[in-house]
Amino acid sequence: MSGGYSNSKKTDDIYEKVCGQQASFAALTMSRLRCMLRGIDIRICIVLLIAIPVFMFGIYLHGQKITYFLRPLWESPPKPFHEIPHYYNENVTMERLCHLHGWKVRESPRRVFDAVLFNNEIDILALRWNELSPYVTQFVLLESNSTFTSLLKPLLFAGNRHQFKFVEPRLTYGMIGGRFKKGENPFVEEAYQRVALDQLLRIAGIEEDDLLTMSDVDEIPSGHTINLLRWCDDIPPVIHLQLRNYLYSFEYHVDNKSWRASVHRYKPGKTRYAHYRQSDIILFDSGWHCSFCFRYVSEFIFKMKAYSHTDRVRFPHYLNPKRIQDVICKGADLFDMLPEEYTFKEIIGKMGPIPHSYSAVHLPAYLLNNAEKYKYLLPGNCRRESG
């Protein structure tokens, strides 16, 4: 209208008619949505609506794998050890063996204290103590009624102590009550128990310059390794032991990178029982580490729920007995994880099941002398009892 006020409503056409019909609220909403999506291919929208939830679900399922695979991008490998070559043959004298390692032979051997925190590894403890028995002065074992994750557990060693009469005169046994603090970091409870083991060692009578082995029950030093270190002078104050690394049994040889076991020349007030790197020196080929080497499927389930890395049980079906049995026989990973390595080459090289090994050479003598009893630990016997 000339000279007058004009109020032109831009949405009149939307309100009045949509596709030739009187506009409803639903039609108005759809029209507005069309305006928002104008110029966008509807097929792309559908793909995004499907792809984004699938992507997020994939991250939920496999996020841990992605993190482990990309580990080399943000974490460098630890400082390499200074590796000491290990010389041994039963027909070579101790004087000669000490000389080959750059040490002198002693007039008499040092005393040896073997100290462990015990969870539920009765069979592996038998292998360990029989292997080390000729060379150990005092066996020290601490047991708790609590797992590192604050689960109540029976005192299994106390209930099976009769099986270890051969070490009874040389055994210092201790029991400590758990604190049962739910939700606490499992490594706090583990550290609490290791401090208690320090106290038990003093009760056992350890003195300056005695040898102390620090390792988990399933990290078994070979007898001749301990014999070498107790007879040789000038050995390092702290020396780590490189062990052959096995999983589930001696059929699955993972690698030779187990290093946490260590031997210390005891220093009162300074030596503390620990399970981390304490030296840059390592003695090569010094024993065996047999991780998750259990007779019963129920023991696998208990360990998966009890040890410090319980966060790896991300889904309930990981604890299914049938799944666990299948994983053992395949040599796969119980937690469906990628290898914990620091280079892409090593990660890719270790992906997939562990190859079967049919070598039973240089295993603990007690294991081979009692092969029928411990058959499940030998090649070709992956089936486990339910327990």
Please output the side-chain donor-acceptor pairs of residues 370-380 that fall under 3.5 Å, not counting sequence neighbours, one pair per line with the distance.
from   : atom 1 : to     : atom 2 : distance (Å)
Asn370 : ND2    : Tyr366 : O      : 2.9
Tyr376 : OH     : Asp123 : OD2    : 2.7

Please output the side-chain donor-acceptor pairs of residues 355-363 that fall under 3.5 Å, not counting sequence neighbours, one pair per line with the distance.
from   : atom 1 : to     : atom 2 : distance (Å)
His356 : ND1    : Glu251 : OE2    : 2.5
Ser357 : OG     : Ser359 : N      : 3.4
Ser359 : OG     : Val361 : N      : 3.4

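Shown here are the side chain to side chain contact (heavy atoms under 4.5 Å, CB included) partners of Pro353, two or more places apart in sequence or in another chain: there are none. Not a single side chain to side chain donor-acceptor pair (under 3.5 Å) links His86 to another residue, sequence neighbours left out. Residues forming a side chain to side chain donor-acceptor pair (under 3.5 Å) with Arg170 (at least two apart in sequence, or on another chain): Ser133. Applying the side chain to side chain contact (heavy atoms under 4.5 Å, CB included) rule to Tyr296 yields the partners Ser298, Glu299, Glu385; only residues at least two apart in sequence or on another chain are considered. Looking at residues two or more places apart in sequence or on another chain, you find a side chain to side chain contact (heavy atoms under 4.5 Å, CB included) between Val238 and His264, Gln278, Ser279. Lys165 meets the salt bridge (Lys or Arg N to Asp or Glu O under 4.0 Å) test with no other residue; sequence neighbours excluded. Residues passing the side chain to side chain donor-acceptor pair (under 3.5 Å) test with Gln325: none are found, sequence neighbours excluded. Qualifying salt bridge (Lys or Arg N to Asp or Glu O under 4.0 Å) partners for Glu75, counting only residues two or more places apart in sequence or in other chains: Arg71. Residues forming a side chain to side chain donor-acceptor pair (under 3.5 Å) with Arg244 (at least two apart in sequence, or on another chain): Asp285. Residues passing the salt bridge (Lys or Arg N to Asp or Glu O under 4.0 Å) test with Lys330, sequence neighbours excluded: none.
Using a 4.0 Å cut-off between a side-chain N of Lys or Arg and a carboxylate O of Asp or Glu, Asp234 and Lys104 do not qualify as a salt bridge. With salt bridges taken as basic N to acidic carboxylate O contacts below 4.0 Å, none links Glu219 and Arg260. Salt bridge absent: Arg161 and Glu143 never bring a charged side-chain N and a carboxylate O closer than 4.0 Å. Ion pairing of Arg194 with Asp198 is absent here, as no side-chain N (NZ or NE/NH1/NH2) approaches a carboxylate O to less than 4.0 Å.
Not one N or O on the side chain of Asp216 forms a donor-acceptor pair closer than 3.5 Å with the backbone of Asp218. Thr225 places no side-chain N or O within donor-acceptor distance of the main-chain N or O of Gly223, the cut-off being under 3.5 Å. Of the possible donor and acceptor atoms, none in the side chain of Thr137 sits under 3.5 Å from a partner among the backbone N and O of Phe113.
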*May I have the step-by-step check of side-chain hydrogen bond (donor to acceptor under 3.5 Å, both in side chains) for Gln138 and Thr172, ending in yes or no?*
CA-CA 7 Å; Gln138 194 75 12; Thr172 301; 2.8 Å; yes

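Taking the six-membered ring for Trp and thresholds of 30 and 60 degrees, Phe294 and Phe292 have ring planes more than 60 degrees apart, a perpendicular arrangement. Between Phe139 and Trp129, the two ring planes are tilted [angle within 30° to 60°].
The two atoms that bring Asp333 and Arg323 nearest to each other are O-NH2, 3.8 Å, heavy atoms only.
Atom CG of Leu283 sits about 10.0 Å away from atom CG of Leu243, to the nearest 0.5 Å.
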